[in-house]
Amino acid sequence: MLDLRRIRSEPDAVRAGLSRRGADLAPLDRVLELDGSLRTLTTERDDIRARVNATSKQIGELFKAGERDEAEILKGESKALGDREKELAAETDAVDAEIRDALLRIPNLPSPDAPDGLSEDDNVVLRTHGADPSSFAEHQRVPHWDIGTELGIIDGERAVKISGSMFTMYRGWGARLLRAMIGHSLDSSADPSLGPAGGGAWEEIRPPTLVKTETMIGTGHLPKFEEEAYHVAKDDLWTIPTAEVPLTSMAAGEILDHDDLPMRFTAYTSCFRREAGAAGRDTRGLLRSHEFDKVELMGYADGEEMAIALQEEVLARSERLLQELGLSYRILDLCAGDLGGSAARTWDIEAYAPGVDDWLEVSSVSWFADYQARRADVRWKKAGEKGTQICHTVNGSAMGWPRTVAAVLETHRQADGSIAIPEVLQPRLGGATHIPAPE
RNA sequence: GGAGGGAUGCCAGAGCGGACGAAUGGAACGGUCUUGAAAACCGUCGAGCCCCUCGCGGGUUCCGUGGGUUCGAAUCCCACUCCCUCCGCCA
């Protein structure tokens with residue numbers, strides 16, 4: 001949510017920012033239109049309220065002094081004022097609700113640093129790392145779903161039998177490989193020495209995966225993406241589409257101590273997506289499923305400078321992971337028009353998967369400025385100082401794992417059909433160096 | 001699932017129709033004292049919104065949430081949520 005005062009004081013700048021991402025400007029105009037009348041109404045109501053309060057106090061004193069008649073007269077006056085106040089309150093509440101509703105539908109302002117452009121074609125490749133896509137050998141050009149079947153480590157058919165299309169099942173080495181990657185990622189996040197200089201340790205969290213409606217609203221996943229989430233009707237709970245949801249809401253409604261910032265959290269969870277708009281797309285293999293594993297990094301900061309440092313820290317950690325896994329990847333700077341509604345700046349990481357010959361989005365690292373924190377009401381305060389400020393939030397995947405598994409299987413497939421296990425994962429797999437070739 | 005009890009400021013905890021934005025204690029912060037520290041003492045010490053003659057003003061809202069009663073609600077009534085205790089069930 002944008003700051004109403006900013007919209008009021010610099011409407012043109014806000015309009016220009018929203019235009020950069022091609023956003024609908026109608027809600028903004030509506031807010032500007034209603035804001036003036038809201039303030040008039042509020043002032044008038046507060047004024048009447050003040051008179052009621054003063055009169056009531058007087059009535060109390062008169063009763064004590066035994067001047068009942070005087071008191072009765074004032075009672076009548078106060079009652080009339082009270083009725084007027086009720087009318088004004090109803091009006092004010094209605095206008096206020098409408099402003100809030102419009103405000104929730106205005107996306108975040110893109111960072112001035114986000115590249116211009118309105119579609120994904122305008123995203124900028126910041127850098128590419130690792131082997132060139134054209135340099136992969138013939139034995140690496142096998143899609144991971146074929147590898148998975150060949151080695152018996154991915155069992156799509158059984159997953160479909162149990163849960164339907166777009167569900168995945170890992171078996172044996174596949175399940176162990178996945179678990180090793182998750183474990184490695186969580187453990188390395190806890191180690192400051194594995195991040196960039198000036199960074200810190202990320203506290204591991206294991207949050208609930210079912211959350212309340214208001215928790216989903218906090219991050220901006222509701223009401224806009226209602227179709228994307230699974231809803232448990234009986235208890236009115238939602239399955240989380242990403243750990244960003246519970247992590248960002250951890251401090252909802254709280255005032256954080258400035259000394260504790262930045263706060264860094266990491267969590268591994270299942271993520272659930274109905275993929276309502278993508279039915280029938282990427283249904284093979286691991287590219288898109290209703291339930292998948294992801295490790296997330298999420299941080300709270302006191303403002304832009306600290307937040308961007310965190311964002312860079314997340315990116316650096318994600319890159320390091322991909323390097324350790326021996327994958328080729330590239331970093332995209334999303335253009336203003338391709339940013340998610342809550343984000344001010346986003347860097348996507350795409351890993352190259354030679355078997356499907358495509359760049360797979362495995363991570364998305366975003367800075368939200370104070371947009372989410374204002375929605376979820378997360379503030380900070382310096383001890384001993386007056387006033388509070390809205391936090392900034394940052395989050396990024398330290399990998400969406402299914403696509404990373406796909407890229408690892410395809411990249412590390414050997415001529416004999418075995419899969420070379422990246423060195424960092426070997427200790428977690430009993431020291432094994434390969435997933436054995438099919439017999 | 002059944003039966004009780006509870007929700008107040010950073011924390012603990014009083015208040016149970018008018019003088020309450022809220023006693024008291026602790027924490028924190030500033031100061032006095034001290035070579036320094038502790039102790040003691042003094043002071044400060046929640047947040048949101050609005051207004052203006054922009055002053056270290058004024059008004060207003062907030063005592064779990066939402067309604068209601070009343071001239072007036074932290075205090076009374078209703079609903080909801082959450083927490084605790086006991087019983088039941090249970091990985």
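Proteins get letters first, then strands, A, B, ... in listed order; numbering begins at 1 in each. Because the structure is predicted, anything quoted here is derived from the model rather than measured.
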Return all side-chain donor-acceptor pairs below 3.5 angstrom for residues 360-371 of chain A, not counting sequence neighbours, or 'none' if the list is empty.
{"unit_1": "Ser363(A)", "atom_1": "OG", "unit_2": "Ser397(A)", "atom_2": "O", "d": "2.6"}
{"unit_1": "Ser364(A)", "atom_1": "OG", "unit_2": "Asp348(A)", "atom_2": "OD1", "d": "2.7"}
{"unit_1": "Ser366(A)", "atom_1": "OG", "unit_2": "Thr346(A)", "atom_2": "OG1", "d": "2.8"}
{"unit_1": "Trp367(A)", "atom_1": "NE1", "unit_2": "His392(A)", "atom_2": "ND1", "d": "3.2"}
{"unit_1": "Asp370(A)", "atom_1": "OD1", "unit_2": "Arg374(A)", "atom_2": "NH1", "d": "3.4"}
{"unit_1": "Asp370(A)", "atom_1": "OD2", "unit_2": "Arg374(A)", "atom_2": "NH2", "d": "2.9"}
{"unit_1": "Tyr371(A)", "atom_1": "OH", "unit_2": "Ile106(A)", "atom_2": "O", "d": "2.7"}

Could you give the [atom1]-to-[atom2] distance, from [X] to [N], as a whole number of Å?
{"X": "Asp93(A)", "N": "C49(B)", "atom1": "CG", "atom2": "C1'", "value": "13 Å"}
{"X": "Leu62(A)", "N": "G18(B)", "atom1": "CG", "atom2": "C1'", "value": "12 Å"}
{"X": "Asp377(A)", "N": "C62(B)", "atom1": "CG", "atom2": "C1'", "value": "13 Å"}
{"X": "Arg374(A)", "N": "A47(B)", "atom1": "CZ", "atom2": "C1'", "value": "16 Å"}
{"X": "Asp259(A)", "N": "A27(B)", "atom1": "CG", "atom2": "C1'", "value": "14 Å"}
{"X": "Arg379(A)", "N": "C10(B)", "atom1": "CZ", "atom2": "C1'", "value": "14 Å"}
{"X": "Leu38(A)", "N": "C51(B)", "atom1": "CG", "atom2": "C1'", "value": "14 Å"}
{"X": "Asp96(A)", "N": "C50(B)", "atom1": "CG", "atom2": "P", "value": "10 Å"}

Expressed as a whole number of Å, how far does the [atom1] atom of [N] sit from that of [M]?
{"N": "U85(B)", "M": "U75(B)", "atom1": "P", "value": "27 Å"}
{"N": "A7(B)", "M": "A74(B)", "atom1": "C1'", "value": "12 Å"}
{"N": "G26(B)", "M": "C63(B)", "atom1": "P", "value": "27 Å"}
{"N": "U70(B)", "M": "C78(B)", "atom1": "C1'", "value": "16 Å"}
{"N": "G17(B)", "M": "A37(B)", "atom1": "P", "value": "49 Å"}
{"N": "A19(B)", "M": "A73(B)", "atom1": "C1'", "value": "15 Å"}
{"N": "A22(B)", "M": "C10(B)", "atom1": "P", "value": "14 Å"}
{"N": "A40(B)", "M": "U53(B)", "atom1": "P", "value": "48 Å"}

> Listed in order of residue number, which residues of residues 65-72 of chain A have a non-hydrogen atom at under 4.0 Å from RNA chain B?
Replying inline: none
Could you tell me whether the side chain of [Y] reaches within less than 4.5 Å of the side chain of [X], counting heavy atoms only?
{"X": "Asp293(A)", "Y": "Ile182(A)", "result": "yes"}
{"X": "Pro107(A)", "Y": "Ser342(A)", "result": "no"}
{"X": "Glu150(A)", "Y": "Arg413(A)", "result": "yes"}

Rounded to the nearest 0.5 Å, what's the gap from [atom1] on [X] to [atom2] on [Y]? Could you check?
{"X": "Glu77(A)", "Y": "Ile73(A)", "atom1": "CD", "atom2": "CD1", "answer": "8.0 Å"}
{"X": "Arg39(A)", "Y": "Glu44(A)", "atom1": "CZ", "atom2": "CD", "answer": "15.0 Å"}
{"X": "Glu291(A)", "Y": "Ser270(A)", "atom1": "CD", "atom2": "OG", "answer": "4.0 Å"}
{"X": "Ile162(A)", "Y": "Phe167(A)", "atom1": "CD1", "atom2": "CZ", "answer": "10.5 Å"}
{"X": "Leu38(A)", "Y": "Glu91(A)", "atom1": "CG", "atom2": "CD", "answer": "11.0 Å"}
{"X": "Arg179(A)", "Y": "Leu177(A)", "atom1": "CZ", "atom2": "CG", "answer": "10.5 Å"}

> Who are the ring-ring contact (aromatic ring centres under 6.0 Å, His included) partners of Trp380(A), not counting sequence neighbours?
Replying inline: His258(A)
> Where each residue is assigned the nucleotide of RNA chain B containing its nearest heavy atom, which of Asp35(A) and Lys212(A) is assigned the position nearer the 5′ end?
Replying inline: Asp35(A)
> More 5' along RNA chain B: Arg39(A) or Ala54(A), using each one's nearest nucleotide?
Replying inline: Arg39(A)
> Just one of Arg100(A), Arg30(A), Arg8(A) clears the salt bridge (Lys or Arg N to Asp or Glu O under 4.0 Å) bar with Asp35(A), so which one?
Replying inline: Arg8(A)
> For U60(B), does OP1 or OP2 lie under 4.0 Å from any side-chain N or O of Arg45(A)?
Replying inline: no
> When you check the phosphate oxygens OP1 and OP2 of C49(B), does a side-chain N or O of Arg100(A) lie under 4.0 Å from one of them?
Replying inline: no
Please write out the pairs of protein N or O atoms and N or O atoms of nucleotides 57-59 of chain B separated by less than 3.5 Å, giving the distance to one decimal.
{"unit_1": "G59(B)", "atom_1": "N2", "unit_2": "Asp46(A)", "atom_2": "OD2", "d": "3.1"}

Sub-3.5 Å pairs of nitrogen or oxygen atoms, protein against nucleotides 69-71 of chain B:
{"unit_1": "C71(B)", "atom_1": "O2'", "unit_2": "Ser56(A)", "atom_2": "OG", "d": "3.3"}
{"unit_1": "C71(B)", "atom_1": "O2'", "unit_2": "Ser78(A)", "atom_2": "OG", "d": "2.2"}

> Hey, does the side chain of Glu296(A) reach the backbone of Ala398(A) with a donor-acceptor pair shorter than 3.5 angstrom?
Replying inline: no
> Less than 4.0 Å between a side-chain N and a carboxylate O, is that true for Arg6(A) and Asp3(A)?
Replying inline: no
> Do Glu204(A) and Thr266(A) have side-chain N/O donor and acceptor atoms under 3.5 Å apart?
Replying inline: no
> When all nucleic acid strands are considered with a 4.0 Å heavy-atom cut-off, which category describes Arg5(A): base, sugar-phosphate, or nothing?
Replying inline: sugar-phosphate
> Can you give the dot-bracket line for RNA chain B, where a pair is Watson-Crick or G-U wobble with both atom distances under 3.5 Å, crossing pairs use [ ], and | marks a partner on another strand?
Replying inline: ((((((((.[[[..)..(.....]]].(((((.......))))).((((((.....)))))).[[[[[..)....]]]]])))))))....
